[in-house]
Amino acid sequence: MSLQEKLVRVPEEFLAGYLESLGLVERLHRLLLDVIKDEFERLGILDINAVQALLLFNVAENEVTAGELKTRGYYQGSNVSYNLKKLVEAGYMHHQRCSADRRAVRVRLTEKGRHIRKTVEELFARHAVALESRGVMGRDGMTDVNRSLRRLERFWTDQIRYIY
């Protein structure tokens, strides 16, 4: 069966829903970055951007290489080296050459980096409380959303690894 024949069989409303989901995922990511940016502006933290703050949040207490940042899902952008360099220069991360592979650099948060991580963590905790207390989304709803997003993530990962 050709791709065109398969496309004809997909209900139009399902395709419309999928396209809406794609737009929502993209907008939600951008909004998350804006929320972090606004919080940092309120606090007077201006030497770090939202992408870098989210990177620090995801690294937490781990010590990782640049490659591990992407494979562990801590960072999705293509400019990881640039952001790591900026974070090291600004004093948010320590870096050290690996003893086994001198080409690889391991990074971990400094005290200044841990402060940023804690700031983001507190922001997210306030959001979680507000989501539930305002009735925006309860625990079951959050579980359902996460389950659906994980299935979509697995599907897209399979598309990259095994072209259908």
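Position 1 is the first residue of the sequence; numbering continues from there.
With hydrophobic clusters built from ILVMFWY side chains whose heavy atoms lie under 4.5 angstrom apart, Leu24 does not share a cluster with Leu149. In the hydrophobic clustering of this structure, Leu32 groups with Leu123; members are Ile, Leu, Val, Met, Phe, Trp, Tyr whose side-chain heavy atoms approach within less than 4.5 Å, directly or through other members. No chain of hydrophobic side-chain contacts below 4.5 Å, direct or via other Ile, Leu, Val, Met, Phe, Trp or Tyr residues, connects Ile36 to Leu131. Clustering ILVMFWY residues whenever any of their side-chain heavy atoms sit less than 4.5 angstrom apart, transitively, puts Leu43 in the very cluster that holds Leu87.
The salt bridge (charged side-chain N to carboxylate O under 4.0 Å, His left out) pairs that include a residue from residues 50-63 are Glu63-Arg106, Glu63-Arg108, where partners are two or more places apart or lie in different chains.
For the salt bridge (charged side-chain N to carboxylate O under 4.0 Å, His left out) test, no residue two or more places apart in sequence or in another chain qualifies with Arg27. The salt bridge (charged side-chain N to carboxylate O under 4.0 Å, His left out) check on Arg134 picks up nothing, with sequence neighbours excluded.
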Side chains of residues 150-157: which donor-acceptor pairs under 3.5 Å do they make with residues two or more places apart or in other chains?
| unit_1 | atom_1 | unit_2 | atom_2 | d |
| --- | --- | --- | --- | --- |
| Trp156 | NE1 | Tyr18 | OH | 3.0 |
| Thr157 | OG1 | Glu153 | O | 2.8 |

Side-chain polar contacts of residues 46-60 - donor-acceptor pairs under 3.5 angstrom, sequence neighbours left out - could you list them?
| unit_1 | atom_1 | unit_2 | atom_2 | d |
| --- | --- | --- | --- | --- |
| Asp47 | OD1 | Tyr92 | OH | 2.6 |
| Asp47 | OD2 | Tyr92 | OH | 2.9 |
| Asn49 | OD1 | Val51 | N | 3.0 |
| Asn49 | OD1 | Gln52 | N | 2.8 |
| Gln52 | OE1 | Asn49 | N | 3.1 |
| Gln52 | NE2 | Asn83 | OD1 | 2.9 |
| Asn58 | ND2 | Leu54 | O | 3.2 |
| Asn58 | ND2 | Tyr74 | O | 3.2 |

Using atom types as modelled, flag every donor-acceptor pair under 3.5 Å from a side chain in residues 135-144 to any protein atom, sequence neighbours excluded.
| unit_1 | atom_1 | unit_2 | atom_2 | d |
| --- | --- | --- | --- | --- |
| Arg139 | NE | Glu132 | OE2 | 3.2 |
| Thr143 | OG1 | Arg139 | O | 2.9 |
| Asp144 | OD1 | Arg147 | NH1 | 3.1 |

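Of all heavy-atom pairs spanning Val35 and His127, the tightest one is CG1-CE1, 3.3 Å.
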query: Should His95 and Leu84 be marked as a side-chain contact (heavy atoms from CB on, under 4.5 Å) after you check the CA-CA gap, both sets of side-chain angles, and the distance that decides it?
result: CA-CA 9 Å; His95 76 289; Leu84 285 177; over 6 Å; no
